[in-house]
Amino acid sequence: MSTTPLKKVFADTTGKTNHYDEYKIDRNDTPIVMNLFPGTTGQSAVSDVIIDSSKKGSNIQGAISNFTLGTGNTLVNRFLEVYTIITDVSTVTNLTSLDFSLTGGSMPYRYKMERTVQEQGDSAAYKITIFFTDFS
Amino acid sequence: MKRISFIVAILAMLCLDLRAQLNVDTTITLDVLKSPVSPAFNMLGISTSAIERPSDLNSFRLSVQNATNNLTAIPNSYAFEIAPFLWGAKKYTLKDFDSSRHAFLQSFTISAGFTHMGPEGQEDVDSLKTTKVAFGLKFSIIRPGWSATTRKTYWALIKAQEDLLQAYQVPNMYSDSLQYFKDLRVALGRDTTLTREEKRVRRDELIRELQRMEGLVDSIRQEGLPSSEPYQRARAIAAAFPTERKGVFLDFTTGMVADFPDNRFDNSLINKAGAWLTGGYENGNKGITSMFIARYLYHPEVIFADPAGKLSADHASTFDVGARFLLSTLNDKFTLSGEALYRSVIGNSVLDPSWRLVVSTEYEVAKNRKVTFSFGRNFDGAISKGGNLIAAINFIAGFGGERKLR
């Protein structure tokens with residue numbers, strides 16, 4: 001079985017595709033809402049949204065808008081994982097990107113990642129992990 | 001053998017004779033009315049390879065910086081084409097292009113450019129240099145959705161991406177360690193025994209560990225993806241993704257060139273201008289396909305209604321309209337096509353408006369045997385149909401191989 005050396009993977013593509021962070025929420029009934037915009041324009045994307053190993057959304061195509069993950073009460077001390085595959089279909093650019101945001105906590109949260117793939121048709125795999133905490 | 005050659009020769013002569021009787025020009029000339037890809041630049045005379053097409057604001061800034069040598073010099077020419085609504089915060093993924101909903105914003109294109117040079121052959125003579133500025137717009141008013149072929153390809157791509165998404169989530173040698181730190185983080189969140197400061201220090205340590213472990217798990221996952229079957233499948237589909245559309249469409253294109261003859265911005269004149277409205281029904285050359293074009297040109301290169309060149313193109317305005325339809329049915333055995341063209345010079349009494357009409361039909365009665373019929377009226381009013389219907393019918397037969405006649 002042939003494998004691609006790590007060094008080559010990083011040489012072929014540029015940009016971070018993995019992110020871990022914590023998001024401060026309050027224990028109340030305020031809904032925690034997620035938005036995810038895969039890019040750039042013209043690329044094809046599929047995502048899974050998982051909370052503590054349980055799928056909240058499976059094989060979601062394209063952008064995810066106003067996706068309610070739960071409330072502050074139900075999400076505290078739990079992990080959100082978002083897996084996204086973006087395939088370069090656009091003939092204009094080889095750039096892929098992920099624009100992730102959360103609202104409903106103590107402050108709005110936003111994180112953006114980008115990766116330029118080497119060749120037309122290549123895919124980039126992104127993962128975002130968020131731990132919901134009420135501790136600041 | 002000699003007898004066969006003789007028969008073939010006689011039949012060939014008969015076919016030629018029938019062809020001669022049928023004096024209808026069925027050449028499709030609607031293409032002459034088509035809007036250019038970049039009207040502003042065509043009028044300005046800038047080659048398409050010299051046009052900058054930045055895909056976002058940053059690349060546009062870099063392009064301007066390069067052209068102006070870091071804003072220290074004015075280039076002899078510069079041209080750009082941008083889709084400003086694709087630069088905004090709103091991103092459109094591939095599936096957003098399968099409808100008319102965002103057609104205007106997605107297709108809206110601005111092109112602009114200028115040249116500061118002398119006439120042809122003396123481009124660098126300073127005393128002869130004049131400035132010309134061009135501006136163009138393009139957008140779709142109605143855009144059809146994807147064809148069945150494109151939609152099928154899209155779903156094949158989505159399936160490959162879904163399989164790749166599953167492959168990306170497969171646990172690896174670091175997954176258990178990552179889960180261990182995640183469990184620790186949850187336990188810390190629930191802990192009520194530690195002081196606030198102790199919790200803060202422990203939390204910061206765990207965040208660093210979790211970031212490190214997430215990175216390790218991800219790097220192993222990323223390593224295996226490019227050689228996986230779904231990755232290669234997605235790549236093969238995406239690299240050759242066809243964007244075919246089927247349905248009613250309506251596009252608008254316009255462009256103009258302003259001339260500054262003495263290089264003063266308070267003294268300009270519209271040098272050339274044009275507007276194109278193109279509509280119809282796109283059907284991938286199956287069933288009914290139709291198209292119409294309405295074109296207005298000011299100071300055209302060639303006046304379509306005046307091929308003999310009786311009029312000067314200076315300050316002339318022309319209005320041309322063309323329409324074409326194609327019906328292909330019975331497994332492409334029967335085709336009926338027609339084309340009409342109207343051409344005129346506005347505000348001119350030397351040349352009257354004129355029109356042309358061609359209708360042709362074709363039926364494949366057997367392999368390599370076609371019956372065709374054409375009827376036409378030329379711009380000069382002459383009707384060409386060969387005198388009567390029987391004479392106008394043209395029977396074409398192929399001999400020898402089974403190669404399809406075209």
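Numbers restart at 1 for each chain; the letters A, B, ... are given by sequence-line order, proteins then strands.
- Side chain of B:Q211 to main chain of A:H19: no donor-acceptor pair is present (N/O by atom type, distance under 3.5 Å, no hydrogens or angles).
- Within residues 165-173 of chain B, the residues having any heavy atom under 4.5 Å from a heavy atom of chain A are, by residue number, B:L165, B:Q166, B:Y168, B:Q169.
- Heavy atoms closer than 4.5 Å to chain A are found in both the backbone and the side chain of B:R196.
- When only modelled atom types and interatomic distance are considered, A:T17 and B:Q222 share a side-chain donor-acceptor pair under 3.5 Å.
- Within the 4.5 angstrom heavy-atom criterion, atoms from both the backbone and the side chain of B:L164 approach chain A.
- The minimum heavy-atom distance between A:A125 and B:L225, with the atom names listed, is CB-CD1, 3.5 Å.
- Heavy-atom minimum distance, A:S44 versus B:Y154: OG-CE1, 4.2 Å.
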Next on the checklist: Test side-chain contact (heavy atoms from CB on, under 4.5 Å) on B:F97 and A:T41; report intermediate values, then the result.
Outcome noted: CA-CA 10 Å; B:F97 287 85; A:T41 286; 3.6 Å; yes
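- The two residues A:N77 and B:V186 come nearest to each other via the heavy atoms O-CG2, 3.8 Å.
- In summary, B:R235 and A:D122 engage in a salt bridge, as defined by a charged side-chain N under 4.0 Å from a carboxylate O.
- Interface remark: A:S97 contributes no atoms to any contact with chain B (heavy atom separation under 4.5 Å).
- For B:K95, the part lying under 4.5 angstrom from a heavy atom of chain A is the side chain only.
- At distances below 3.5 Å, not a single donor-acceptor pair connects side-chain atoms of A:E22 with backbone N or O atoms of B:I207.
- Heavy atoms of A:F79 lying under 4.5 Å from chain B belong exclusively to its side chain.
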